[in-house]
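Throughout, protein chains are lettered first and strands after them, A, B, ... in sequence-line order, and every chain is numbered starting at 1.
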Number of protein chains: 2
Amino acid sequence: MYEKKIPLPLECGLAMTREILGGKWKPNLLFAISQGINRPSQLHRAIPQSTKRVLNLQLKELEEFEVIEKKIYHQLPPKVEYRLTERGETLMPLLSQMNEWGEENRPFIKRVILNRTKVLD
Amino acid sequence: MYEKKIPLPLECGLAMTREILGGKWKPNLLFAISQGINRPSQLHRAIPQSTKRVLNLQLKELEEFEVIEKKIYHQLPPKVEYRLTERGETLMPLLSQMNEWGEENRPFIKRVILNRTKVLD
DNA sequence: CCCTCCGGGGATAATTTTATCCCCTGTATG
DNA sequence: CATACAGGGGATAAAATTATCCCCGGAGGG
């Protein structure tokens with residue numbers, strides 16, 4: 001994993017949460033897993049904008065912080081399942097709120113983003 | 001501002017929220033402003049790990065998405081005050097939860113982070 | 001005159017995060 | 001044999017975000 005050169009503020013709750021949920025696809029992954037979409041290939045199909053590779057990296061970090069658990073079935077073809085840990089469960093309310101707030105404000109935010117380039121017509 | 005080359009999923013609530021709160025210091029800024037620490041120099045003193053420059057950039061983005069408002073008093077010495085907009089107020093519950101979750105899990109997260117390098121003893 | 005404070009930002013570097021590309025084991029199916 | 005599926009990851013590039021450096025105007029106090 002990439003080793004940070006700039007230490008992050010370990011005494012700040014906000015920074016801690018950011019460390020867990022800050023990854024681009026982490027919230028989506030957690031959300032999906034909580035809904036039972038818990039196998040790597042399923043997750044990739046659920047989030048096709050990303051790549052297996054990247055999703056694996058983010059999953060690994062979620063696992064490192066014990067927010068999800070990985071179960072490997074030593075079979076052929078291989079089978080892997082992720083699921084939320086207890087700690088992970090405690091994140092769900094937060095995720096829901098993030099999603100709700102985003103949905104409620106989406107129309108506006110979208111407009112702002114699109115207007116950043118449109119103005120140049 | 002930097003113009004993104006990879007378009008973000010405009011139909012996803014989580015992505016929208018990330019767009020607003022994703023900046024490294026944005027949650028801290030919002031939190032501080034909500035507490036009445038609302039002048040640029042005060043904010044910088046409250047978040048000395050960052051720089052005026054960087055804080056200004058992030059404040060500008062928060063302003064762009066109408067989460068905060070900037071009031072400029074044309075005086076000498078100049079005076080500027082930020083405050084939450086209505087939209088910004090709706091973020092506060094989210095921020096509180098992020099902070100709480102982070103605080104509750106801080107000991108553990110901290111340990112994980114520190115152990116990433118310590119193992120090499 | 002020098003330093004401090006208030007506010008600001010251009011230019012550029014460094015860091016961090018994501019993406020891309022391609023290869024791997026092994027089974028099954030056309 | 002080729003392709004698809006299940007799982008995985010090294011190497012490297014690109015993108016995005018943060019940091020650093022230094023300068024600006026103007027007022028005020030030693």
Item to complete: Would you check if B/I6 and A/K24 make a side-chain contact, meaning some heavy-atom pair closer than 4.5 Å?
Response: yes

Worksheet entry | B/R18 vs A/P27 side-chain heavy atoms within contact, under 4.5 Å | no

Worksheet item: Quick one: on DNA chain C, does B/R45 or A/K5 contact a more 5' nucleotide (nearest heavy atom)?
Response: B/R45

Worksheet item: On DNA chain C, nearest-nucleotide positions of A/K4 versus B/Q42: which is more 5'?
Response: B/Q42

Discussion item. Can you identify which nucleotide, out of C/dG26, C/dG7, D/dG8, has its nearest atom closest to the A/V80 side chain?
Written reply: D/dG8

Worksheet entry | Among C/dT16, D/dA15, D/dA6, the nucleotide that comes nearest once only the side chain of A/I6 is considered | C/dT16

Item to complete: Within residues 8-40 of chain B, find the residues that approach DNA chain C with a heavy atom at under 4.0 Å, and present them sorted by residue number.
Response: B/R18, B/R39, B/P40

Worksheet item: Considering only heavy atoms, which members of residues 47-73 of chain A lie under 4.0 Å from some atom of DNA chain D?
Response: A/K52, A/R53, A/N56, A/K60, A/K70

Discussion item. Does B/K26 form a side-chain contact (heavy atoms from CB on, under 4.5 Å) with B/I20? I'd like the steps, not just the answer.
Written reply: CA-CA 8 Å; B/K26 285 178 186 172; B/I20 308 300; over 6 Å; no

Could you give the side-chain donor-acceptor pairs of residues 90-98 of chain B under 3.5 Å, partners two or more places apart or in another chain?
residue: B/T90; atom: OG1; partner: A/W101; partner atom: NE1; Å: 2.8
residue: B/T90; atom: OG1; partner: B/R87; partner atom: O; Å: 2.5
residue: B/S96; atom: OG; partner: B/M92; partner atom: O; Å: 2.9

Worksheet item: Would you say A/E86 has more than 12 foreign heavy atoms packed within less than 6.0 Å of its CD?
Response: no

Measure the distance from [atom1] on [X] to [atom2] on [N] and round it to the nearest whole Å.
X: B/M1; N: C/dG9; atom1: CE; atom2: P; answer: 14 Å
X: A/H44; N: C/dT20; atom1: NE2; atom2: P; answer: 10 Å
X: B/K79; N: D/dA27; atom1: NZ; atom2: C1'; answer: 16 Å
X: A/L76; N: D/dG7; atom1: CG; atom2: P; answer: 12 Å
X: B/L43; N: C/dC6; atom1: CG; atom2: P; answer: 12 Å
X: B/Y2; N: D/dA15; atom1: OH; atom2: P; answer: 6 Å

Practice prompt. May I ask whether B/V67 and B/M1 are part of the same hydrophobic cluster, defined by side-chain heavy atoms of I, L, V, M, F, W, Y residues being less than 4.5 angstrom apart, directly or through others?
Written response: no

Practice prompt. Say whether B/W25 and B/L57 are linked into one hydrophobic cluster, either directly or through other cluster members, by side-chain heavy-atom distances under 4.5 angstrom.
Written response: no

Worksheet item: Would you call B/K60 and B/E63 a salt bridge, taking side-chain N to carboxylate O under 4.0 Å as the test?
Response: no

Worksheet entry | Heavy-atom closest pair, residues B/I33 and B/L84 | CG2-N, 3.9 Å

